[in-house]
There are 2 protein chains.
Amino acid sequence: MSDVKSAASPSASPLYLRDEELKEGVELLFRAFLEIFGQREEMGEVLGRAHRRALYIIARHPGINVAGLLGILKITKQSLARVLNDLLAHGYVERRASVRDGRMRQLSLTSKGAALENALWEAQRPHLVQAFKEAGPDAVAGFRRVLSGLAERAAGTKSPGTA
Amino acid sequence: MSDVKSAASPSASPLYLRDEELKEGVELLFRAFLEIFGQREEMGEVLGRAHRRALYIIARHPGINVAGLLGILKITKQSLARVLNDLLAHGYVERRASVRDGRMRQLSLTSKGAALENALWEAQRPHLVQAFKEAGPDAVAGFRRVLSGLAERAAGTKSPGTA
DNA sequence: ATAATTAGTCAGCATGTCTGACGTAAAATC
DNA sequence: GATTTTACGTCAGACATGCTGACTAATTAT
């Protein structure tokens, strides 16, 4: 792991791996995140970011069960419960027992939920498209490569709650 | 998820701009963010993410005043106050009146604060370096281009209540 | 002297996260 | 059939982080 040492030494660290560049990358990641996820109540409803995120995941994985959802969201069961109950109460999400395994609850969007998800996505997409288009396909490919590397913390250094 | 309008048309949307790709990008951004910023108390102290972020900014902008810090962090004065007072109480940050303008408070890290900031960075850097190095300089350049585009949401695309 | 700027503070609220402890139902195992 | 494990639900309490509004205090600008 010590291929790169102090990041201040030019020989071991190409320009793009200097501390300054790395820190700028971190800053950029933070600010981009805020822009994309920091949106307050575009939903016109009482639903917040956590709800939106759950909605998203369910939309992309219809029939997902709670454990699967938890695995993706990486939050606790209790945290999810509140969010999920809100979504159920508002009629955005449907929950029914699996036929294969009666313990499992399969989650899917109602048509109302799908409409909401779509509306939210439509509101968000132009910004994404613009940024992606301006950067170009190659930049987007790089974006994905780097983020993938960052997201997959190799040795599972920690998951939420590991502290 | 049935009828999505524009992003499905091939002519107007190259592959990398399809909904699926865009949504994957969003997911990736979220997960990368969690890996980088979701760390709970690696600080061994009572300081959380907000503290860490302020520490970072002050480290990168020694002598910054409160207004400047607020401008970068984009939080309210009251939110910052809590964080800043914690950092001051723990002796990580120094605050002194400006000579030019006695109303301003210039913030900087104490040696203790600098040591902490450095330790935190050292702990984080290997992960960054690995991801960046594996992706390569071109990918990193793309990463930065895209994130910059995402971060700079041109102007008020949304004010609170953009339903 | 008065107004504007910069900072600090109090009080209260919303959201989202966490831990711990139980409860319930179904499946798997013995 | 009884026991254990799995998958989920829920109550209770806590912490961190953001927000608004309404002030005070010090300093500078007009």
Side-chain angles (χ1 to χ4, degrees), chain A residues 30 33-35 37-43 45-55 58 63-89 93-107 158-163, chain B residues 30 33-34 37-43 45-55 57-58 63-90 93-107 159-161:
Chain A
F30 188 89
F33 176 87
L34 277 194
E35 278 302 329
F37 295 99
Q39 340 183 31
R40 332 235 173 270
E41 54 217 295
E42 276 189 359
M43 313 183 68
E45 295 273 350
V46 284
L47 306 180
R49 285 167 252 178
H51 301 83
R52 178 166 184 169
R53 175 129 168 92
L55 198 74
I58 296 174
I64 192 174
N65 64 15
V66 176
L69 192 51
L70 283 175
I72 295 177
L73 293 173
K74 286 192 187 159
I75 58 177
T76 58
K77 183 175 46 166
Q78 297 88 335
S79 298
L80 175 59
R82 233 187 349 207
V83 167
L84 207 46
N85 285 332
D86 290 343
L87 291 175
L88 288 163
V93 167
E94 224 176 12
R95 174 170 60 188
R96 61 186 201 286
S98 164
V99 220
R100 294 192 329 101
D101 188 332
R103 293 168 301 182
M104 292 185 181
R105 302 289 180 270
Q106 296 183 317
L107 305 167
K158 62 183 25 178
S159 338
T162 300
Chain B
F30 188 88
F33 176 88
L34 275 195
F37 295 99
Q39 340 183 31
R40 330 246 174 260
E41 53 219 296
E42 276 187 358
M43 313 183 69
E45 296 273 351
V46 285
L47 307 180
R49 283 170 251 176
H51 300 83
R52 179 167 183 168
R53 177 133 165 89
L55 198 74
I57 302 296
I58 297 173
I64 192 175
N65 64 14
V66 175
L69 190 51
L70 284 174
I72 295 177
L73 292 175
K74 286 191 187 162
I75 59 178
T76 58
K77 182 176 51 166
Q78 296 90 331
S79 298
L80 175 60
R82 212 168 18 199
V83 167
L84 205 47
N85 284 333
D86 288 343
L87 290 175
L88 287 163
H90 282 277
V93 167
E94 225 175 13
R95 174 169 59 188
R96 60 184 203 287
S98 163
V99 218
R100 293 192 332 100
D101 187 332
R103 294 168 299 184
M104 292 185 181
R105 301 289 179 270
Q106 296 183 315
L107 304 167
S159 334

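Chain letters run A, B, ... following the sequence lines, proteins first and then strands; every chain starts at 1. Values in this document were obtained by computation on a predicted structure and should not be read as measured data.
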Of Gly102(A) and Ala50(A), the one whose nearest nucleotide on DNA chain C sits closer to the 5' end is Ala50(A)
Base, sugar-phosphate, or nothing: which does Arg100(A) touch, judged by heavy atoms less than 4.0 Å apart? sugar-phosphate
Please check the phosphate of dC8(D) (OP1 and OP2 only) for any side-chain N or O of Asn65(A) closer than 4.0 Å. yes
Results of side chain to side chain contact (heavy atoms under 4.5 Å, CB included) for Phe30(B) - residues two or more places apart only: Phe33(A), Phe37(A), Arg53(A), Leu34(B)
Going by modelled atom types, is there a donor-acceptor pair between the base of dG8(C) and the side chain of Gln78(B) at under 3.5 Å? no
Flag side-chain contact, heavy atom, 4.5 Å: Ile75(A) against Val83(A): no
As a test of reading the structure: which of dT9(C), dT19(C), dG9(D) is closest to the side chain of Asn85(B), going by heavy atoms? dT9(C)
Which nucleotide in the set dC18(C), dC19(D), dG8(C) lies at the smallest distance from any side-chain heavy atom of Ile75(B)? dC19(D)
Detail all sub-3.5 Å separations between protein N/O atoms and N/O atoms belonging to nucleotides 28-30 of chain C.
none

Does His51(B) place a side-chain N or O at less than 4.0 Å from the phosphate oxygens OP1/OP2 of dA16(D)? no
Under 3.5 Å, is there any donor-acceptor pair linking the side chain of Arg82(B) to the base of dG8(C)? no
Checking all strands, does Arg95(B) fall into the base, sugar-phosphate, or nothing category for heavy-atom contacts under 4.0 angstrom? sugar-phosphate
Would you indicate which nucleotide in dC8(D), dC19(D), dC18(C) comes nearest to any side-chain atom of Met104(A)? dC8(D)
Whole-Å distance between dT17(D) C1' and Leu70(B) CG? 15 Å
I want to check one thing: is the phosphate of dT17(D), taken as OP1 and OP2, less than 4.0 Å away from some side-chain N or O of Ser79(B)? no
Rounded distance (Å) that lies between atom P of dA7(D) and atom CG of Leu80(A): 15 Å
Working to the nearest 0.5 Å, report the span between CZ of Arg82(B) and NE2 of His51(B). 8.5 Å
Whole-Å distance separating the NZ atom of Lys77(B) from the P atom of dG18(D): 16 Å
For dC18(C), does either OP1 or OP2 sit under 4.0 Å from a side-chain N or O belonging to Thr76(A)? yes
Want to settle it: does Val99(A) or Val83(A) sit nearer the 5' end of DNA chain C, counting the closest nucleotide to each? Val83(A)
